[in-house]
Protein chains: 2
Amino acid sequence: MATMHDVARLAQVSVSTVSYVLTGTRPISQATRNKVLAAMAQLDYQPNAMARGLASRRSRILGLLMPMDERGLGATETAFVTGAAAAASVAGYHLVLSPVGGGNLDDLRRLASQRMLDGVVLMEVQLADERVTVLQEAGVPLVLIGRTGDTSTLSYVDIDFDQTVRDAVAHLVGLGHRRIVYVNHSAATLASGYGPALRTRDAFTASMTGHGLEPVMIAAEDSAAGGRAALAAAFAQAPELTAVLAMNETAIFGILGELTGRGLSVPDDVSVVSMVTSPQVAELATPALTAMTSPGSALGRIAIEALTRHLDGPADLRHQQLLPCALEIRGSTAAPRSRQPMGADQ
Amino acid sequence: MATMHDVARLAQVSVSTVSYVLTGTRPISQATRNKVLAAMAQLDYQPNAMARGLASRRSRILGLLMPMDERGLGATETAFVTGAAAAASVAGYHLVLSPVGGGNLDDLRRLASQRMLDGVVLMEVQLADERVTVLQEAGVPLVLIGRTGDTSTLSYVDIDFDQTVRDAVAHLVGLGHRRIVYVNHSAATLASGYGPALRTRDAFTASMTGHGLEPVMIAAEDSAAGGRAALAAAFAQAPELTAVLAMNETAIFGILGELTGRGLSVPDDVSVVSMVTSPQVAELATPALTAMTSPGSALGRIAIEALTRHLDGPADLRHQQLLPCALEIRGSTAAPRSRQPMGADQ
DNA sequence: GAACTTCGTCGAAGCGTTTCGACGAAGCGG
DNA sequence: CCGCTTCGTCGAAACGCTTCGACGAAGTTC
């Protein structure tokens with residue numbers, strides 16, 4: 001391993017000159033710069049990340065903290081990651097993913113206080129998220145993907161759930177549906193303060209009420225069985241339902257299975273819209289799902305850009321931004337069969 | 001941020017003594033140790049990772065290199081990751097995931113030569129994988145999850161595809177199936193030298209031939225549409241098929257949809273077995289899929305253990321190990337309907 | 001052309017650890 | 001009780017880089 005010393009000797013300049021060539025913090029004449037670059041190439045020199053980090057007190061490493069639960073990363077989360085990695089690379093940072101789950105807060109504290117991360121992007125943020133506190137105490141700059149309850153002081157990027165739900169409901173209502181059931185995440189998830197579940201619940205209520213319709217929400221476990229149970233519950237609460245809006249990407253497969261099992265056809269008997277879903281998953285189902293497509297890679301990119309701007313720039317500005325999901329119509333929605341659009345009060 | 005200096009001063013010992021307390025490389029009396037620990041607690045001291053890395057020439061960071069393509073991480077890959085992270089934590093290492101895709105080999109080279117990673121676990125290894133060369137040139141110890149073509153010199157953990165396919169085929173043959181079609185990954189994937197696809201192909205041929213049956217393999221694109229096309233191709237090549245064995249986790253949903261679309265019931269008309277699948281995904285389908293469950297977290301754990309043993313231990317031993325997937329019978333397999341088990345030649 | 005800047009380079013002082021050699025104090029066999 | 005190890009501690013030298021102050025040389029300003 002060649003060091004800066006070796007490069008300096010070969011190029012017949014001082015060590016500091018080599019450093020300035022590398023970092024560009026002071027002007028260097030073209031002639032010397034070339035000499036140095038040639039020496040670096042000849043020695044196949046690579047700066048030592050540790051030494052650089054120690055001396056400059058910045059690691060040029062950004063962390064993406066993603067709790068990994070059993071059910072894996074959806075294509076949505078993957079898109080976050082790839083978007084973020086690309087943006088980090090552009091800004092001259094490395095991005096590392098840390099699978100620190102909810103449990104090991106100590107692990108996170110250690111990571112944060114060891115000054116190994118210049119900044120952090122938090123995924124899957126809870127309304128009351130202890131990780132935020134830990135990182136703030138450790139003085140690590142952070143950007144959220146998602147939002148805590150109190151959004152006033154932090155930088156975040158999040159999905160505009162309000163707008164997304166409104167668009168989804170509007171699509172169904174526009175087709176003539178009146179009895180629409182919303183299948184959310186589980187009651188436990190709601191109780192734990194999971195933002196997306198809460199926000200979509202409220203948005204759904206508001207949106208349906210705005211159309212003069214009655215909002216019916218079912219909480220479903222994140223599993224196919226949970227989806228089946230949810231559909232049964234839905235029919236119990238709203239026997240005449242003609243459309244299902246589902247936030248729960250896992251349960252939706254159970255919903256589809258149960259619908260088929262009951263001899264009901266999608267979309268002719270019941271329309272189905274999947275929320276915050278990637279095209280890949282939407283295409284898995286038969287028929288392919290009409291879905292609200294999440295702006296995955298854009299979220300990741302914007303989060304990293306906000307973070308690097310904060311780190312490199314002088315200003316310590318907050319960045320807060322919401323992005324809606326885009327409606328992509330596939331085969332799972334249509335006008336309700338029996339009842340034609342009964343142009344009620346619009 | 002408190003430094004070792006501060007701790008040393010407060011505890012009234014020398015800096016080196018504090019270091020020895022921390023690293024345990026030299027004996028320290030209980031009395032001094034306690035003084036030092038008290039001082040560290042009082043100052044909320046955390047060692048600086050960069051300084052430590054520079055001085056000791058080891059970062060205590062392990063990399064898990066996972067190419068992230070669009071379709072996301074399955075539960076299987078996620079299990080790798082969680083298993084690996086847990087094992088790393090036990091061994092006193094941090095695990096970071098690096099989403100270095102196939103394209104950015106330079107990125108990998110930089111990461112490797114910057115001495116930021118003590119060792120690396122490679123996921124999704126190709127038969128001829130350039131990343132291996134890059135890392136070996138950079139002198140970074142590595143362990144593969146998967147195998148390259150020439151397995152003689154490297155450490156690896158992999159699924160025992162041979163055994164797994166044999167078990168899956170045996171299950172179907174035991175139920176009375178004779179016409180079994182194997183749905184593999186795409187032709188392009190096969191051509192690119194993706195080990196699992198190639199190995200299962202060969203194992204399937206061997207296994208079927210061993211039972212005196214004719215092996216029929218179809219290559220399917222990784223999508224629901226690919227699965228549908230594959231099923232059509234399968235019926236064209238083997239009209240009397242009664243069972244499908246599928247390696248392609250994505251295509252299998254298309255296969256199921258197409259089967260239902262043709263008015264065929266699973267498992268009564270056609271049995272379906274999914275290879276290298278997590279329970280979570282198997283349960284998504286209706287009916288739930290009989291599947292070969294991958295030993296995900298064990299693979300991750302074993303890989304990290306092999307790596308840390310190599311790093312910490314003196315011996316530089318190779319670790320090579322194969323783990324089979326376990327057959328989990330769910331609702332998608334049964335004896336073939338029309339043809340009763342025709343006890344041919346066994 | 002004297003008094004200032006700006007440019008390009010150098011030497012040296014850190015950054016916060018680990019680790020090596022040294023050394024007094026015990027413990028021990030003969 | 002004399003040399004020997006072993007134990008517990010210290011001081012100082014790395015580790016490979018960044019960054020600060022300094023300083024000639026050259027360019028500007030009046």
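Since this is a predicted model, take the numbers as computed values, not measurements.
Non-hydrogen atoms lying under 4.0 Å from DNA chain C are contributed by B/Gln46, B/Pro47, B/Asn48, B/Ala51, B/Arg52, B/Ala55, B/Ser56, all within residues 46-56 of chain B. Interface residues of residues 1-14 of chain B facing DNA chain C, ordered by number: B/Thr3, B/Met4; criterion, heavy-atom separation under 4.0 Å.
In terms of modelled atom types and a separation under 3.5 Å, the side chain of B/Arg60 and the main chain of B/Gly92 share a donor-acceptor contact. Side chain of B/Ser294 to main chain of B/Val276: no donor-acceptor pair is present (N/O by atom type, distance under 3.5 Å, no hydrogens or angles). Of the possible donor and acceptor atoms, one in the side chain of A/Ser59 sits under 3.5 Å from a partner among the backbone N and O of A/Met116. Judged by distance alone, the side chain of B/Asn34 and the main-chain N or O of B/Ala31 form no donor-acceptor pair under 3.5 Å. Panel note: side chain B/Arg115, backbone A/Asn48; no donor-acceptor pair is recorded below 3.5 Å. Put simply, the side chain of B/Ser297 never gets that close to the backbone of B/Gly83: no donor and acceptor are under 3.5 Å apart. A donor-acceptor pair under 3.5 Å is formed between the side chain of A/Gln320 and the backbone N or O of A/Thr151.
Remark: C1' of D/dT19 and CZ of A/Arg57 are 9 Å apart, rounded to the nearest angstrom. In this structure, CE of B/Met116 is placed 13 Å from P of D/dC17, rounded to the nearest angstrom. Residue A/Arg115 contributes atom CZ, which lies 16 Å from atom C1' of C/dT17 at whole-angstrom precision. Look at CD on B/Gln114: it is 10 Å from P on D/dC17, rounded to the nearest Å. Rounded to whole angstrom, the span from the CE atom of B/Met40 across to the P atom of C/dT17 amounts to 11 Å.
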> After noting the C-alpha distance and the side-chain angles of A/Gln114 and B/Arg52, does the key distance pass the side chain to side chain contact (heavy atoms under 4.5 Å, CB included) rule?
Replying inline: CA-CA 10 Å; A/Gln114 288 186 149; B/Arg52 191 195 276 255; 5.6 Å; no

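Residues satisfying the side-chain contact (heavy atoms from CB on, under 4.5 Å) criterion with A/Leu154, sequence neighbours excluded, are A/Val132, A/Gln136, A/Leu142, A/Leu144, A/Thr148. Residues that satisfy the ring-ring contact (aromatic ring centres under 6.0 Å, His included) test with A/Tyr194, not counting sequence neighbours, are A/His185.
Heavy atoms only, all atoms of each residue included: B/Glu124 and B/Arg131 are closest at O-NH2, 3.2 Å. Considering all non-hydrogen atoms of both residues, A/Val120 and A/Leu307 come closest at N-CD2, 3.6 Å.
Neither OP1 nor OP2 of D/dG11 sits under 4.0 Å from any side-chain N or O of B/Tyr20. Considering only side-chain N and O atoms, B/Thr17 lies under 4.0 angstrom from the phosphate OP1 or OP2 of D/dC10. Phosphate proximity of D/dC17 to A/Ser19: absent, as no side-chain N or O sits under 4.0 Å from OP1 or OP2.
Atoms CZ and CG, from A/Arg147 and A/Asp129 in turn, are 14.0 Å apart once rounded to the nearest 0.5 Å.
In the helix from C/dG1-D/dC30 to C/dG30-D/dC1, the end axes, each obtained as the rotation axis mapping the C1' atoms of four pairs onto the next four within a five-pair block, lie 30° apart to the nearest 10 degrees.
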Where do N or O atoms of nucleotides 6-8 of chain D meet protein N or O atoms at under 3.5 Å, pair by pair?
none

